[in-house]
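What follows is a single structure, written as structure tokens, with notes after it.
Nothing fancy with the numbering, it's 1 onward along the sequence.
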Amino acid sequence: MNKPIRIVIADDHDLVRQGIRSFVETHADLAIVGEASDASQAVKLCAQHKPDVALIDLVMPGGGIEATRAIRAASPSTQVVLLTSFEDVQQIVAAIQAGALSCLLKDVDADALADALRKAAQGEAVLHARIAARLMDALRRGVEPGSGMLESLSQRERETLTLVAEGLSNQMIAERLGIGEKTVKTHVSNVLGKLNVSDRTQAAVFAWKSGMKQRSET
């Protein structure tokens with residue numbers, strides 16, 4: 001009997017991970033070797049276990065794009081399959097450029113998910129039909145990868161980015177917004193992941209170049 005396909009799953013929602021685990025456990029040829037709730041944990045697990053496939057949430061603390069890039073660097077043999085609730089072309093293109101093999105929407109049915117995991121282990125890419133359609137439309141319209149990323153930010157994430165662009169620390173942002181410093185840290189992490197940048201300085205530059213900061217002051 002062939003060895004089962006070894007999988008690491010990463011999603012910040014416990015119920016999602018539990019659901020995937022319960023499903024995978026029904027297939028003898030699939031095996032979960034690690035679970036993570038954020039990007040850094042996912043990278044550490046992949047570096048440790050060298051799984052065949054990493055099933056990664058596109059939008060989670062630390063960012064699915066950054067996780068993809070780091071996983072591919074730490075374990076080149078690991079294929080990354082992204083799961084997302086959003087049909088954001090720019091983020092998906094950025095994720096593919098970072099090294100993701102496949103991208104599925106979270107409404108994918110169980111059989112299709114199993115098929116995608118098996119194909120990923122063989123190096124075969126799978127794109128959800130609606131994602132493929134959006135990518136084709138973007139190519140026809142000449143949409144540049146990375147444009148429109150600000151639209152993926154929540155209102156609170158936009159507020160956080162604006163204050164990051166002003167040079168405020170997490171503590172100062174927390175005081176300004178009336179929220180906890182830990183919550184600010186999560187927002188900043190999400191912003192970096194969604195904008196596909198590696199640090200606060202790059203995020204600030206993005207905000208200024210996009211005109212977001214100027215618009216927020218008018």
For this session: Supply the atom-to-atom distance Ile9 CD1 to Leu117 CG, rounded to the nearest 0.5 angstrom.
Result: 10.0 Å

Seminar exercise, completed: Rounded to the nearest 0.5 angstrom, the CD1-SG distance for Ile92 and Cys103 is 4.0 Å

Problem set entry | Partners meeting side-chain contact (heavy atoms from CB on, under 4.5 Å) with Asp111 (sequence neighbours left out) | Asp109

Minimum heavy-atom separation for [X] and [Y], please, with both atom names.
{"X": "Ala67", "Y": "Ala39", "result": "CB-CB, 3.7 Å"}
{"X": "Leu45", "Y": "Glu35", "result": "CD1-O, 3.2 Å"}
{"X": "Pro4", "Y": "Leu30", "result": "CB-N, 4.1 Å"}
{"X": "Asp52", "Y": "Ala121", "result": "CB-CB, 4.5 Å"}

For this session: Please identify each residue that fulfils side chain to side chain donor-acceptor pair (under 3.5 Å) with Lys50, with sequence neighbours left out.
Result: none

So, [X] side chain and [Y] main chain: donor-acceptor pair closer than 3.5 Å or not?
{"X": "Ser75", "Y": "Ile71", "answer": "no"}
{"X": "Thr78", "Y": "Pro51", "answer": "yes"}
{"X": "Arg6", "Y": "His49", "answer": "yes"}
{"X": "Glu124", "Y": "Ala120", "answer": "no"}
{"X": "Thr183", "Y": "Ile179", "answer": "no"}
{"X": "Glu157", "Y": "Ser154", "answer": "yes"}
{"X": "Ser189", "Y": "Lys185", "answer": "no"}

Exercise. Would a 4.5 Å heavy-atom cut-off, applied to side chains only, mark Asp38 and Asp12 as touching?
Worked result: no

For this session: State which residues pass salt bridge (charged side-chain N to carboxylate O under 4.0 Å, His left out) with Asp14; sequence neighbours excluded, sorted by chain then number.
Result: Arg17

Seminar exercise, completed: Arg200 meets the salt bridge (charged side-chain N to carboxylate O under 4.0 Å, His left out) criterion, sequence neighbours left out, with none

Exercise. Counting only heavy atoms not in Lys106, do more than 12 fall under 6.0 Å of its NZ?
Worked result: yes

Seminar exercise, completed: With sequence neighbours left out, the residues meeting ring-ring contact (aromatic ring centres under 6.0 Å, His included) with His13 are none

For this session: Report yes or no: do Val8 and Leu113 belong to one cluster of Ile/Leu/Val/Met/Phe/Trp/Tyr joined by side chain heavy-atom distances under 4.5 Å?
Result: no

Problem set entry | Inter- and intrachain pairs under ring pair (Phe, Tyr, Trp, His ring centres under 6.0 Å), touching residues 15-43, at least two apart | Phe23-His27

Exercise. Any side-chain donor-acceptor pair under 3.5 Å between Glu166 and Thr162?
Worked result: no

